[in-house]
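One structure below.
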Amino acid sequence: MENKAIGLITGAIKSKGQFLALATKIRLNGGRDELLYFAFPKLKGLLFTLQSKLALMHESGAFNTTQSNQETDQEQARYRQETMAFTDAELTAPDGKKGVNILTTLPGNGYITLNIERIDGQQVNIDISDAAIEIFTGYILHTLKAAGGEALMEHAISNLDFMGLYSVEYRTNGELDYKYFNQDPWQMNALKHHMAILYTVKNGSKKDVKCAAIVKTSIPSGTQETLDMAKRVAEANPQLAAYQHRFDTIYTHILHNPTDQPMELDAALDVLSRLYLTHSAAGNA
């Protein structure tokens, strides 16, 4: 593969001690180096892609086997043979044009392709073999831990078990104030099902459904893990977070979606309206 990654170094861009972005220099077949800067939201997208690929490999039985471990060790040895370094300017005066603007993922047989549009509009494609997924992840997490300790690393890998699609606030006049979040299709398809989450708050002896969300996740409904995720969904969404300290009961429902595409707006609002009526009636019984 012409764009196969064969070497990698990572570094932290900081200002006044605060982490700003991850610097990556990726060597491709033929010896060409691609310098890219991932600001924190794009960095989380990259980590989501890598973690999702690892999960799919694990599900198919292709991860943490004798063969896969051997292939990763061999790939790691090849990466270490590449002599790579950042210049001082690349870390202290980064070129903003080389920041990642759009990151999408294309699946392949035994690899994934990162399709990247830089801030200056230049397109960069990088093929990462399955054997190198752990290597990329390890390099990134090591750099984050060195730059900001466990707290920064944990922040980077948090909330990678769901992707938000819609959030809704139920108005007193019956209208729905909704927001839609556009997500990478491959990343969405790496998760198993759509889930509706409805949040109630106490109102005297009643429970009012105030807000809701639809996410894509692989977590089953009705478990403590689901409840923990639902709380994190609210914490990460300003529209929902306004109510989080008043939450009473949280309801979750796995939704049927007949296609691999994200749930359409009309279908999402319809199901959230029906669930609102169901739980509002139950809360006022």
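Position 1 is the first residue of the sequence; numbering continues from there. No hydrogens, no waters, no symmetry mates; every other heavy atom, side chains included, goes into these values. Being a predicted model, the structure only gives us computed values, none of them experimental.
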Does the plane of the ring in Y139 sit parallel, tilted or perpendicular to the ring in Y79? Use 30° and 60° as the thresholds. perpendicular
Is it true that D95 and K97 have a side-chain N and a carboxylate O under 4.0 angstrom from each other? no
Shortest non-hydrogen contact from F181 to G164? CB-O, 3.5 Å
When you measure from the side chain of T72 to the backbone of A131, do you find a donor-acceptor pair of N or O atoms at a distance under 3.5 Å? yes
Using a 6.0 Å cut-off, check whether atom CD of E264 has over 12 heavy atoms from anything other than its own residue. no
Non-hydrogen atoms of E34 and L28 that approach each other most closely: CG-CD1, 4.0 Å
Do E169 and Y243 have side chains that get closer than 4.5 Å, going by heavy atoms? yes
If you group Ile, Leu, Val, Met, Phe, Trp and Tyr by side-chain heavy-atom gaps below 4.5 Å, do I13 and L22 land in one group? no
Can you check side chain to side chain contact (heavy atoms under 4.5 Å, CB included) on I140 and L50, steps first, answer last? CA-CA 11 Å; I140 293 170; L50 297 172; 3.9 Å; yes
Is it the case that one hydrophobic cluster holds both I219 and L191, taking links as side-chain heavy atoms less than 4.5 Å apart, direct or via other members? no
Do the side chains of T143 and F19 get nearer than 4.5 Å, heavy atoms only? no
Are any side-chain N or O atoms of K44 and backbone N or O atoms of H155, one a donor and one an acceptor, separated by less than 3.5 Å? yes
Which atom of G222 lies closest to which atom of T252, heavy atoms considered: N-OG1, 3.7 Å
With clusters defined by side-chain heavy atoms of hydrophobic residues (ILVMFWY) lying less than 4.5 Å apart, directly or transitively, does I214 cluster with V168? yes
I need the E134 CD to K53 NZ distance, nearest 0.5 Å. 13.0 Å
Under the criterion side chain to side chain contact (heavy atoms under 4.5 Å, CB included), I'd like the reasoning laid out for L35 against F86: C-alpha separation, chi angles, the key distance, then a yes or no. CA-CA 9 Å; L35 178 64; F86 291 109; 3.8 Å; yes
Is the shortest side-chain heavy-atom distance between Y170 and L176 below 4.5 Å? yes
Where is the tightest heavy-atom contact between L272 and A196, given as atom of each residue plus distance? CD2-CB, 4.2 Å
When rounded to the nearest 0.5 angstrom, what is the spacing between CG in N189 and CD in Q183? 12.0 Å
Just so I know, are the side chains of P220 and K192 near enough to count as touching, which here means a heavy-atom distance under 4.5 Å? no
Applying salt bridge (Lys or Arg N to Asp or Glu O under 4.0 Å) to K145 and E150, what does each step give before you reach the verdict? CA-CA 6 Å; K145 186 174 181 180; E150 292 281 352; 3.0 Å; yes
Hey, are R232 and D228 close enough for a salt bridge, meaning a charged N less than 4.0 Å from a carboxylate O? no
Report the distance from atom OG of S158 to atom CD of E235, rounding to the nearest 0.5 Å. 9.5 Å
What distance do H253 atom NE2 and I197 atom CD1 have between them, rounded to the nearest 0.5 Å? 10.5 Å
Are any of the side-chain heavy atoms of Y111 and N3 separated by less than 4.5 Å? no
Answer yes or no: are there more than 12 heavy-atom neighbours, outside Q67 itself, under 6.0 Å from its atom CD? no
Without swapping roles, check the side chain of T249 against the backbone of T200 for a donor-acceptor pair under 3.5 Å. no
Under the side chain to side chain contact (heavy atoms under 4.5 Å, CB included) rule, what do K206 and S280 come out as? Steps first, then yes or no, please. CA-CA 9 Å; K206 300 187 299 181; S280 290; over 6 Å; no
Check whether any side-chain heavy atom of M229 lies under 4.5 Å from a side-chain heavy atom of E225, and answer yes or no. no
Is it the case that the side chain of K202 and the backbone of K207 share a donor-acceptor pair, with hydrogens and angles ignored and the cut-off at 3.5 Å? no
If the test is side chain to side chain contact (heavy atoms under 4.5 Å, CB included), which one of N203, T172, D248 qualifies with D208? N203
Checking side-chain polar atoms at under 3.5 Å, does T223 have a donor or acceptor matched by the opposite partner on T226? yes
So CG of L114 and CG of L36: to nearest 0.5 Å the spacing works out to 9.0 Å
Residue pair K42 / L46, side-chain heavy-atom distance below 4.5 Å: no
Given the rule in the side chain to side chain contact (heavy atoms under 4.5 Å, CB included) test, do L165 and Y180 qualify, once you have shown the distances and angles that lead to the verdict? CA-CA 6 Å; L165 273 176; Y180 167 70; 4.2 Å; yes
Restricting to non-hydrogen atoms, name the atom on A213 and the atom on V233 that form the minimum distance, rounded to 0.1 Å. CB-CG1, 4.1 Å
Look at the side-chain heavy atoms of Ile, Leu, Val, Met, Phe, Trp and Tyr, link any pair under 4.5 Å apart, and say whether L56 and I133 land in one connected group. yes
For residues L265 and Y178, determine if any side-chain heavy atom of one lies less than 4.5 Å from a side-chain heavy atom of the other. yes
Single-linkage hydrophobic cluster F40~F136, side-chain heavy atoms < 4.5 angstrom: yes
So D33 and K25, salt bridge (Lys or Arg N to Asp or Glu O under 4.0 Å) or not? Walk me through it. CA-CA 6 Å; D33 289 345; K25 186 176 285 188; 5.1 Å; no
Between D184 and T104, do the side chains contain an N or O donor and an N or O acceptor separated by less than 3.5 Å? no
Between L240 and C211 the two heavy atoms that sit nearest each other are CD2-CB, 3.6 Å
Parallel, tilted or perpendicular, judged at 30° and 60°: which one describes the rings of Y251 and H279? parallel
Does any donor atom in the side chain of T137 or Q51 lie under 3.5 Å from an acceptor atom in the other side chain? no
When rounded to the nearest 0.5 Å, the distance separating CG of D177 from CZ of R171 is 4.5 Å
